[in-house]
Each structure stands twice: as C-alpha cells, then as structure tokens.
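Just below is one structure, and these are the notes that go with it.
Just so you know, these numbers use all the heavy atoms, side chains as well, and skip hydrogens, waters and symmetry mates.
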Amino acid sequence: MKQLFAIIVMVLTLLSVSSVRHAIAQDNLVDSLESVLKRYEVEKRQDTSVVRLLGRIARHYRDRSPSRSMDYAQQSIALAIKLNDSIGLGYGLNNIGVNYESLGRYDLALENLHHALTIRERIGDKRGISNTLSNIGLVSMRQGKYQFALEMYSQSLAIKGLLADRAGTADSYNNIGRVYDKQGDYDRALEYFFKTLVIWQDLKDSSGQAYCFNNIAEVYLKQKESQRALEYCLRAVSIRKKTGENELYSFSLNNLGKIYRVLGRYNEALEALQTAIDVAENIGIVLHEQEAHSTMSEVYAAMGNDREALRSYKRSVALRDSVFSKENTQRVAELEARFMSTQKDKEIEELEHEQQLQSTRQNTLVLGIALLVALVVVVTIGYRQKLNANNEILRQQEILEHQSVEIEIINTQVQEQNLELSRSVEKINHLNINLEAQKFKAESLLLNVLPEAIAERLKAGEQTIVDSFPSATVLFADIVGFTQISAQITPEALVELLNRIFTTFDDLVRRHGVEKIKTIGDNYMVVGGVPKVTDDHCERIARLALAMLHAIESGSWRTDDEQGNHLRKQLSTLNTPLSIRIGIHTGPIVAGVLGTSKFSYDLWGDTVNTASRMESHGEANTIHVSEEVYRRLSLVNSHATLVSRHEQDFSPITNDLSTKGKFVFVERGELEIKGKGLMKTYFIVSESS
C-alpha cells in the first residue's frame with residue numbers, strides 16, 4: 001500500500017508540472033508537495049518516494065528562492081546516498097549545480113553538474129543526461145566558453161530529438177540562440193529564437209514565450225533597433241510578473257532599464273531598475289542586484305546627476321566584490337568540500353552495510369534452496385501421483401511465457417511505429433519553423449522598401465493600392481553641376497559622395513516626420529502628408545528643406561575616416577563648391593504601389609510635375625517654391641514674412657533649425673516655367689523666431 005501511495009504522489013507531481021507557469025498554480029503545487037512532505041516526516045518515512053519529493057520541491061524553488069531550493073536539494077542528496085538511490089542522487093546534484101550557477105559560483109556549479117552527469121550516464125537516464133548537458137552548456141556560456149557551450153547544447157538537442165521532447169527541443173534552440181547572441185552573430189541568434197517561439201506558442205507555454213521575448217529584445221537592442229527591443233521586453237516583463245518567476249522577473253526588469261536608458265526615457269529606466277533591485281534583494285540574487293545598480297549609475301550619469309551616479313557605481317562594485325572576493329570563494333569551497341566529503345563517507349558506510357545484507361541474504365537463500373530440495377525429494381517419493389499435475393503446471397507456464405514473448409514483440413513494434421510517428425511530427429515542426437523564419441525575413445524586407453502603413457495593407461491582402469490626397473507637399477532636390485562633378489572625380493568617390501549626402505537626408509526626413517519616395521541619380525524626392533495625413537505637411541517640408549541646405553553648407557555629412565578623407569581630397573579639385581537646388585510645390589496628388597514582385601511606391605499628378613519644375617528652375621543653394629506654398633505658409637498658418645531681394649544676400653543658412661517661427665521669403669517675381677507658363681515664385685531663405 002505504501003508503494004502504491006508513493007506512485008500516486010509521483011504521478012500527481014508530474015501532472016502538476018504542466019501548470020507550473022502560472023503563479024497561483026505554482027504556489028498551490030509547492031504547498032501541496034510540502035504538506036505531503038510533512039506527512040512523511042510524521043510517519044518517519046525514509047524511502048525513494050521521499051527523495052523524489054524533495055527533488056521536486058527543490059526544482060520548483062529554483063526560480064523563486066535559490067537558498068530554499070539549495071536546502072531541499074541537499075536533503076534529497078543525503079537521503080539518496082543513505083538509500084543507495086542513484087536516480088535521486090543525480091537529480092539532487094543537478095539541482096545543486098543549477099543553484100550555484102544562479103548565485104554566480106560557476107566552479108561549484110560545474111563540479112556538481114559533472115558529478116550528476118557521471119551518475120546519470122552510468123544508469124542510462126537519457127532525459128537526465130540531456131538536462132545536465134544543457135546546464136553545463138549554460139555555465140560554459142557564462143564563462144565565455146562559447147564553442148564548448150554549443151557542443152553541450154547540440155548533444156542535449158540530439159537526445160531530446162530522440163525522446164520526441166518538444167519542450168526540451170525548444171529549450172535547446174533557445175540556448176543555442178543565446179550562444180550566437182554572445183558571439184555577435186545576431187541573425188543566427190534571431191533565427192533560433194524565432195524557432196523556439198513557434199514551439200512555445202504551439203504548446204501555449206507563456207513562460208517559455210517570455211524567455212524568447214526577452215532574448216529577442218536583447219538582440220534588437222544590440223542591433224540598435226531600440227523600439228522593437230522595448231516592445232518584446234515589455235511582453236517578457238508582463239508575463240514574468242504574472243507567473244511569479246522572481247529571478248527571471250528581475251532579469252527582465254534589468255533589460256527593460258537598459259532599453260529605456262538607450263531611448264533616453266531615464267525616469268522609466270530608474271523605476272524599472274529599482275523594482276529589479278527590490279526583487280533581487282528579496283530572493284538573494286546578488287548578480288542581478290549588482291547589474292541593476294551598474295545600469296542605474298549609467299542612467300544617473302546621462303541625466304547629469306553625478307552624485308547619484310557615483311553612489312550607484314559604488315554599490316555595484318561592493319556587490320560585485322561580495323560575490324567574487326577571495327575570502328568568500330575559499331569559504332564556500334571549504335563548505336562544499338566538507339559537505340561532499342561527509343556525503344561520500346556516508347555513501348561508503350551505506351554501501352558496506354548493503355554488502356553485509358546481501359551476504360546474509362545469499363546465505364539464507366542457499367539454506368532455503370537446500371531445504372526446498374529435500375522437501376521436493378520427500379514429496380516426490382511420497383506423492384508421485386502429483387507429478388503429472390506438476391508437469392501440467394509447467395507446461396501451462398511455458399505457454400504463458402510464449403504468449404508473453406509474443407506480447408513483448410507486439411509492444412516493440414508499436415513503440416517503433418510511435419517513434420516513427422514522432423519523427424514525422426518533428427519534421428513537420430521543423431518545416432513550420434523554417435516557414436516562420438522566412439516569413440519574418442520577407443516582412444523585414446517589405447518594410448525596407450515601402451512605408452509601414454502601405455506594407456501592412458499589402459500584407460492584409462490588398463491587390464491594388466491607389467489613394468488620392470487633396471493636399472500634400474512635394475520636394476525635389478538635386479546636386480548642382482552633377483554631370484561635371486561626375487567627370488572630375490573617380491566613380492568610387494562619386495558613389496561615396498551620393499551615399500553620404502543621401503544618408504544624411506534620410507535621417508533628416510525621419511526627424512521631420514515626412515516620407516522619402518525615391519532617388520534617381522542625384523535627384524532626391526520627398527513628400528509630406530502621404531501616406532499618413534498631416535495638417536502641417538507644408539511646414540514640415542519647408543523645415544526639412546532648410547535643414548538639407550544647412551547640412552550641405554555646414555558639411556555635416558563629411559567624416560574624418562579614411563573614405564571621408566579620400567572623398568574630401570577628390571572634391572578639393574572641383575572648380576566650384578558643392579551645392580544643391582531644392583524645389584517645393586503643394587496641392588493634390590495620387591499615390592500608389594507599382595509592380596507585383598519588385599514593389600515601388602510612387603506619386604502622380606500636376607503637383608509632382610510643378611515641384612520638379614521648381615527645382616529645375618531654381619538656383620544653387622536655394623529653396624525655390626510656388627505661390628501656393630507661400631500662401632499656405634503665410635495666410636493659413638501666419639508663419640511667413642516677405643522681404644525684398646536686395647535685403648537678402650543668400651548667405652549660407654545658419655539659423656537655429658530647432659526654432660519654430662516665421663518663414664522668411666524673397667519674391668522672385670514672375671517666371672516662364674516650362675509646361676506651366678508664367679508663374680509667380682519665391683525663395684525660402686530662413687526661419688526666424
């Protein structure tokens with residue numbers, strides 16, 4: 001009955017693991033397991049079911065309270081040695097190793113994990129071997145031994161594939177992705193993280209998804225895609241707050257603080273980091289607390305608060321020294337050595353005791369066999385009539401044995417079929433993972449070609465995208481004398497020149513909230529109010545034009561690197577300084593997507609043609625605009641003032657572009673515009689406060 005009760009407890013414990021991701025279910029499970037343990041203590045029970053129970057409780061406390069987990073794991077090891085229970089001993093040593101890893105004691109973590117691996121290999125515990133290999137890989141990664149970590153994770157993944165363990169496969173993918181992340185191979189890291197995410201989403205495992213979200217956020221932050229990093233990190237924080245995984249919650253909060261610091265959202269960064277410190281202090285994770293103080297020091301420094309920055313830095317250094325000091329290292333090592341020595345002495349003592357018991361059993365067995373033989377002889381002589389009955393019993397036993405063999409053969413065939421089915425399912429899962437990764441790459445490429453709003457509409461299934469806009473502003477810009485310049489410098493220098501200027505313009509376009517349409521040769525085209533409708537599109541384009549002129553005049557696109565110095569030497573041979581022409585017109589336009597394979601977002605209408613004419617009829621280092629632009633800025637928004645041409649010398653624009661005031665115009669007068677006839681036009685020369 002006791003054995004049956006122990007089996008029931010173990011089965012219930014295994015079933016409970018499936019709901020461990022939810023905080024309330026986790027707490028209830030731990031309470032239930034501890035109540036069973038108390039009942040065993042009252043009964044003074046000492047068997048392998050108690051070892052399993054202690055190991056399960058230690059496992060559940062690993063992410064919540066490493067100190068309590070360590071205590072339960074050591075109890076399980078002591079009892080496993082006493083009972084000569086190799087399975088329980090391997091499980092307990094694995095728990096101890098993982099806890100030491102959480103505390104930053106990598107030497108003790110590896111010592112316990114290698115001991116666990118030796119035991120599990122000896123008894124053929126495949127699942128246990130896979131888990132321990134994975135944990136060794138984690139510690140090796142922490143130590144910067146990335147190639148060895150990949151080897152450990154790959155061996156673990158192979159075993160999990162044979163066991164058809166999808167959750168374990170997801171963990172291995174995630175671990176391999178983390179190694180590639182550490183090595184700086186961010187594309188491969190994202191590939192494995194998204195493979196992991198597909199499995200966790202299929203298994204509806206929120207905690208596993210949180211791991212993926214956090215790792216993806218870290219990669220995006222390193223790729224300087226801070227907004228994407230923030231989106232995924234917030235998902236991870238939300239899940240881990242609900243599940244109550246405090247160690248992982250403090251880790252995610254640390255990452256959130258780093259992202260907010262990069263984005264310049266310092267108050268939100270300090271709030272996230274303080275919460276991480278509070279959680280880490282509560283559960284005794286000194287490394288997380290130290291990392292949070294270190295990041296907090298950087299935030300205070302960025303805010304100009306040197307006093308608080310220094311205070312946080314000193315706290316970070318103190319915590320780091322408390323973990324890695326020589327005295328602390330020696331003390332923990334001495335305690336560990338003393339503990340292992342005590343346990344080994346107990347193990348030897350128990351093994352000797354077990355050998356004595358086995359010897360006693362063997363002697364008893366020999367005596368029993370001798371008595372049995374004597375009894376058989378007496379029975380055979382006195383009761384020969386029972387011989388036939390005994391022979392019949394033996395024949396029936398042989399029949400049953402044959403039937404058992406046949407059943408075993410059938411069971412083996414069924415197992416082989418199940419294994420083949422599992423392999424087929426795994427192949428389908430791999431195909432789904434590859435499909436998800438290809439979809440991710442395709443969506444990224446689409447966003448690089450088209451405006452985000454247009455890309456979303458194409459993804460939603462729209463076949464033809466054509467929109468009319470009653471009011472928008474178009475800007476054209478080109479380099480003055482580009483044909484002569486291209487004849488005077490090398491092709492490499494020409495490409496470098498265009499790349500640097502247009503990259504500078506691209507940054508200005510993003511800052512002013514308008515949309516770049518395309519470049520053709522040295523011609524650069526921008527639109528305001530499309531595809532996102534804005535009331536101030538004309539003002540945005542005007543300020544962009546002033547910023548573009550300022551960039552060319554100030555030479556902010558130049559750099560002092562090797563290529564920049566070579567380009568500067570090439571340009572010094574030109575007869576005239578580098579200059580651009582800009583033309584602007586405002587009015588209705590039509591916009592849409594061309595093509596079915598190589599997409600292009602373009603504009604049509606008289607407004608586009610007129611803006612092009614403003615640019616081609618303009619002058620060097622000027623912003624040539626139509627009367628419609630002047631009216632919109634002066635009459636609608638009262639943001640313009642007009643001066644006579646002799647009052648403006650068209651000197652290089654040096655006004656503060658961050659100041660929003662009245663635009664200063666110079667009237668050019670009526671001009672014969674090709675295809676348009678006489679038009680009254682103006683120059684925008686500055687923006688005054």
Polar side-chain atom of Ser250 near backbone of Ala276 as donor-acceptor pair, under 3.5 Å: no
Sole candidate of Gln75, Arg45, Glu41 that passes side-chain contact (heavy atoms from CB on, under 4.5 Å) when paired with Val50: Arg45
Trace of the side-chain contact (heavy atoms from CB on, under 4.5 Å) decision for Glu101 with Leu113: CA-CA 10 Å; Glu101 183 277 327; Leu113 290 172; over 6 Å; no
Residue Lys222 excluded, over 12 heavy atoms near NZ under 6.0 Å: yes
Stepwise side-chain contact (heavy atoms from CB on, under 4.5 Å) test for Asn214 and Arg240: CA-CA 10 Å; Asn214 193 82; Arg240 285 171 172 172; 3.9 Å; yes
Nearest non-hydrogen partners of Gly88 and Ala80, listed with the distance: C-CB, 3.9 Å
Check against side-chain contact (heavy atoms from CB on, under 4.5 Å), Leu157 and Tyr173: CA-CA 8 Å; Leu157 177 61; Tyr173 282 151; 4.0 Å; yes
For the student: nearest non-hydrogen atoms of Val139 and Ala109, plus distance: CG2-CB, 4.1 Å
Salt bridge flag under 4.0 Å for residues Arg127 and Asp125: no
Which atom of Leu256 lies closest to which atom of Ala272, heavy atoms considered: CD2-CB, 4.0 Å
With Leu117 via side-chain contact (heavy atoms from CB on, under 4.5 Å) - residues at least two apart: Glu121, Ile129, Thr132, Leu133, Ile136
Separation of Lys241 NZ from Leu253 CG (nearest 0.5 Å): 9.0 Å
Option among Glu218, Glu291, Glu268 that satisfies the salt bridge (charged side-chain N to carboxylate O under 4.0 Å, His left out) test with Lys258: Glu291
Salt bridge (charged side-chain N to carboxylate O under 4.0 Å, His left out) assessment of Arg68 paired with Glu34: CA-CA 12 Å; Arg68 296 191 69 179; Glu34 288 183 329; 3.3 Å; yes
Over 12 non-hydrogen atoms of neighbours within 6.0 angstrom of CD in Glu271: no
Ring-face cation contact, Tyr106 with Arg142, 6.0 Å cut, 45° max: no
Side chain Ser65, main chain Tyr61, donor-acceptor under 3.5 Å: no
Minimal non-hydrogen separation, Ile176 against Leu150, with atom names: CG2-CD2, 3.9 Å
CZ-NE2 distance between Arg320 and His293, expressed to the nearest 0.5 angstrom: 13.5 Å
Validation row: Leu230, Tyr260 side chains within 4.5 angstrom (heavy atoms): yes
Nearest heavy atoms of Ala58 and Tyr72, plus distance in Å: CB-CB, 3.8 Å
Sidechain-backbone polar pair: Asp181 side chain, Gly177 backbone, donor-acceptor under 3.5 Å: no
Any Tyr91 side-chain heavy atom under 4.5 Å of Arg52 side chain: no
Side-chain donor or acceptor of Arg120 paired with backbone N/O of Gly128 under 3.5 Å: yes
Any residue meeting salt bridge (Lys or Arg N to Asp or Glu O under 4.0 Å) with Glu247, in chain and number order, not counting sequence neighbours: none
Inter-residue atom distance Arg315.CZ - Ser312.OG, 0.5 Å rounding: 10.5 Å
Atom pair CD1/NZ of Ile77 and Lys82 - distance to nearest 0.5 Å: 16.0 Å
Close side-chain approach of Leu89 and Leu93, heavy atoms under 4.5 Å: yes
Val36 side chain reached by Arg39 side chain, heavy atoms, under 4.5 Å: yes
4.5 Å side-chain heavy-atom contact, Ile119 and Arg122: yes
Non-hydrogen side-chain atoms of Arg178 and Asn175 separated by less than 4.5 Å: yes
Asp205 side-chain N/O to Gln201 backbone N/O, donor-acceptor pair under 3.5 Å: no
CA sep, side-chain torsions, deciding dist, call: Asn135, Asn94, side-chain hydrogen bond (donor to acceptor under 3.5 Å, both in side chains): CA-CA 8 Å; Asn135 291 330; Asn94 187 77; 3.1 Å; yes
Nearest-0.5 Å distance, CG of residue Leu270 to OG1 of residue Thr275: 10.5 Å
Donor-acceptor under 3.5 Å (Thr196 side chain, Tyr192 main chain): yes
Exercise: identify the closest heavy-atom pair between Ser76 and Gly92: OG-CA, 3.8 Å
Asn254 side chain vs Ala292 backbone, donor-acceptor pair below 3.5 Å: yes
Inter-residue atom distance Thr243.OG1 - Leu248.CG, 0.5 Å rounding: 7.5 Å
Steps toward ring-ring contact (aromatic ring centres under 6.0 Å, His included) verdict (Tyr232, Tyr220): CA-CA 9 Å; Tyr232 281 97; Tyr220 277 138; 5.8 Å; yes
side-chain contact (heavy atoms from CB on, under 4.5 Å) evaluation trace for Tyr153 with Ser134: CA-CA 5 Å; Tyr153 287 145; Ser134 182; 3.8 Å; yes
Test log, rule salt bridge (charged side-chain N to carboxylate O under 4.0 Å, His left out), inputs Asp171 and Lys160: CA-CA 10 Å; Asp171 281 332; Lys160 288 169 181 174; 5.1 Å; no
Between Asn246 and Asn282: side-chain donor-acceptor atoms closer than 3.5 Å: no
Check: Ser294 side chain, Ser316 main-chain N or O, donor-acceptor pair, under 3.5 Å: no
Test applied, side-chain contact (heavy atoms from CB on, under 4.5 Å); reference residue, Leu319; option that passes from Ile277, Val286, Leu287: Val286
Side chain to side chain, Ser207 and Glu245, heavy atoms closer than 4.5 Å: yes
Side-chain heavy atoms of Met70 within contact of Tyr100, under 4.5 Å: yes
